[in-house]
Amino acid sequence: MRRKIVAANWKMNMTGETAHNFFSQLNQMTWPDDVDAIVAPPNLYLQGLHSIKGNAKLCGQNCHSEQSGAYTGEVSAAMLSDAGASYCLVGHSERRKYFLESSSFLKAKVTAILDNGLFPIYCCGETESERRNDTHFDVVKNQISNDLFGLSNSEFGKVIIAYEPVWAIGTGLTATSDQAQEMHYFIRSVVREKYGSDIADDVCLLYGGSCNTTNAKDLFSCKDVDGGLIGGASMDPQSFLQIAQSF
Ligand code: 13P
């Protein structure tokens with residue numbers, strides 16, 4: 001049975017105080033029982049939010065692939081776990097673009113995340129020009145197979161995949177529900193080819209890219225969309241809740 005998930009990616013936003021206020025407000029609201037809430041604050045705030053996060057699960061925004069060592073400024077998956085995270089984002093297009101993260105690095109990160117008992121939320125998606133050139137299916141298939149298909153069945157069973165078309169992130173342009181469903185169906189069939197039907201039917205596929213209170217209902221009504229990875233609209237508890245109520 002697939003879970004319904006609404007995950008917040010705050011990126012490099014919020015302060016310790018606003019993050020704390022977010023959870024204080026969220027804890028006063030009635031969150032739908034059948035929807036999992038996951039919040040990825042800046043890594044720095046994970047530990048401090050642990051006691052106030054309520055039923056939400058915490059997620060790191062990034063980690064290094066090594067367990068420890070001379071990597072100034074970096075944080076390991078072990079440290080995220082120690083700080084109270086249960087999940088970690090990996091492969092976000094902003095990391096691929098601004099930090100030039102390669103497929104071999106992403107693969108190693110996914111392994112480190114799993115080895116430390118966290119669940120990876122693996123992000124993939126095509127750029128605008130890749131969609132214009134009609135290569136979006138190939139791009140997404142290559143990302144997933146290069147970065148994830150070294151995993152065993154039991155490891156892959158712990159991965160959540162977020163399809164985030166780069167042209168929709170932070171732009172106000174959202175994939176239509178037809179576009180989202182088409183790609184999510186495709187991703188599930190790529191997973192089926194490699195890992196078989198049981199795993200493909202169970203893998204949670206989230207949509208990300210300008211998902212908000214206005215379009216979430218439409219997107220979440222798609223058969224293969226199991227929820228959302230939300231950026232801008234996730235920092236206000238009321239709108240985060242409203243998105244969770246959109247299934
Ligand atoms: P926006 O919802 O702000 O477009 O961001 C999406 C995203 O990148 C989530 O990881």
Side-chain angles (χ1 to χ4, degrees), residues 4-14 18-19 22 35-43 45-46 56-63 80 85-101 106 109-110 113 118-128 130-131 136 139-140 143-144 147-148 159-177 179-180 183-184 187 204-220 222 225-247:
K4 297 174 186 164
I5 296 174
V6 174
N9 175 10
W10 289 351
K11 310 190 182 187
M12 200 171 70
N13 295 297
M14 305 286 257
T18 56
F22 174 94
V35 180
D36 289 359
I38 300 176
V39 177
N43 286 349
Y45 300 134
L46 285 168
K57 297 275 192 277
L58 294 176
C59 178
Q61 288 188 14
N62 178 43
C63 67
L80 293 180
S86 312
Y87 295 82
C88 185
L89 302 180
V90 57
H92 195 283
S93 61
E94 288 151 14
R95 303 278 334 162
R96 294 178 195 259
K97 179 177 174 191
Y98 300 125
F99 303 95
L100 309 177
E101 294 194 350
L106 298 181
K109 284 191 197 214
V110 171
I113 291 166
L118 303 176
F119 298 100
I121 302 181
Y122 170 81
C123 307
C124 57
E126 81 286 356
T127 62
E128 200 214 331
E130 288 163 344
R131 180 164 280 266
H136 45 299
V139 167
V140 169
Q143 288 174 335
I144 292 175
D147 303 342
L148 296 180
V159 177
I160 293 170
I161 297 179
Y163 167 60
E164 299 204 309
V166 179
W167 48 269
I169 295 177
T171 57
L173 291 173
T174 319
T176 63
S177 51
Q179 287 171 323
M183 184 57 88
H184 283 229
I187 292 172
C204 284
L205 303 181
L206 310 183
Y207 169 81
S210 299
C211 180
N212 56 36
T213 52
T214 311
N215 55 35
K217 217 176 196 58
D218 213 19
L219 289 160
F220 296 174
C222 300
V225 176
D226 304 306
L229 178 56
I230 324 293
S234 73
M235 287 179 277
D236 169 51
Q238 188 60 52
S239 91
F240 190 51
L241 172 69
Q242 214 177 312
I243 291 170
Q245 290 168 330
S246 304
F247 286 95

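Just so you know, ligand 1 is whichever comes first in the structure, and atom 1 is the first atom listed for that ligand. All values below were derived from every heavy atom in this structure, side-chain atoms included, with hydrogens, water molecules and symmetry-related copies excluded.
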* Gln61 (side chain) donor-acceptor with Lys11 (main chain) under 3.5 angstrom -> yes

* Structure fact -> Counting heavy atoms under 4.0 Å, the part of Ala162 that contacts ligand 1 is neither

* Can you find an N/O atom of Ile169 closer than 3.5 Å to an N/O atom of ligand 1? -> no

* Asked: Under 3.5 Å, is there a donor-acceptor pair between the side chain of Thr171 and the main chain of Trp167?
  -> yes

* Asked: Is the shortest N/O to N/O distance between Glu94 and ligand 1 below 3.5 Å?
  -> no

* **Listed once per pair and sorted, the side-chain hydrogen bond (donor to acceptor under 3.5 Å, both in side chains) pairs that draw on residues 238-247, sequence neighbours left out** => none

* Decide yes or no for Thr174 and Asp218: does some side-chain heavy atom of the first lie under 4.5 Å from some side-chain heavy atom of the second? => no

* Structure fact -> Numbered in order shown, the ligand 1 atoms found under 4.0 Å of a heavy atom of Ala168 are 4 (O)

* Are side-chain heavy atoms of Tyr207 and Pro165 found at a separation under 4.5 Å? -> yes

* To do: Kindly indicate whether the side chain of Leu106, heavy atoms from C-beta on, has any atom under 4.5 Å from the side chain of Arg96.
  => yes

* To do: Measure Asn9 to ligand 1 on non-hydrogen atoms and call it side chain, backbone, both or neither using the 4.0 Å cut-off.
  => side chain

* Show which atoms of ligand 1 fall inside a sub-4.0 Å distance from at least one heavy-atom site of Leu229. => 9 (C), 10 (O)

* To do: Within a distance under 4.0 Å of any heavy atom of Gly209, pick out the atoms of ligand 1 and give their elements.
  => 4 (O), 6 (C)

* Asked: So is Thr171 polar-close to ligand 1, meaning N/O to N/O under 3.5 Å?
  -> no

* Asked: Based purely on interatomic distance, does Ala233 place a nitrogen or oxygen under 3.5 Å from a nitrogen or oxygen of ligand 1?
  -> no

* Structure fact -> Atoms of ligand 1 under 4.0 Å from any heavy atom of Ser210, numbered from 1 in the order shown, are 1 (P), 2 (O), 4 (O)

* **Heavy atom of the protein closest to atom 5 (O) of ligand 1 (residue, atom name, distance)** => Lys11 NZ, 3.2 Å

* Student check: side-chain heavy atoms of Asn62 and Lys109 closer than 4.5 Å -> yes

* **Protein heavy atom at shortest distance from atom 3 (O) of ligand 1** => Gly232 N, 2.9 Å

* Only counting residues at least two apart or in another chain, list the ones meeting side-chain hydrogen bond (donor to acceptor under 3.5 Å, both in side chains) with Asp36. => Arg3

* **Aromatic centroids of Tyr45 and Trp10 separated by under 6.0 Å** => no

* Considering heavy atoms of the protein only, find what lies nearest to atom 2 (O) of ligand 1 and give residue, atom and distance to 0.1 Å. => Gly231 N, 2.9 Å

* Do any N/O atoms on Gly170 end up under 3.5 angstrom from N/O atoms on ligand 1? -> yes

* Asked: Does the side chain of Asn43 reach to within under 4.5 Å of the side chain of Leu80, using non-hydrogen atoms?
  -> yes

* Just need the protein heavy atom nearest to atom 7 (C) of ligand 1, so name the residue and atom and give the distance. => Glu164 OE2, 3.2 Å

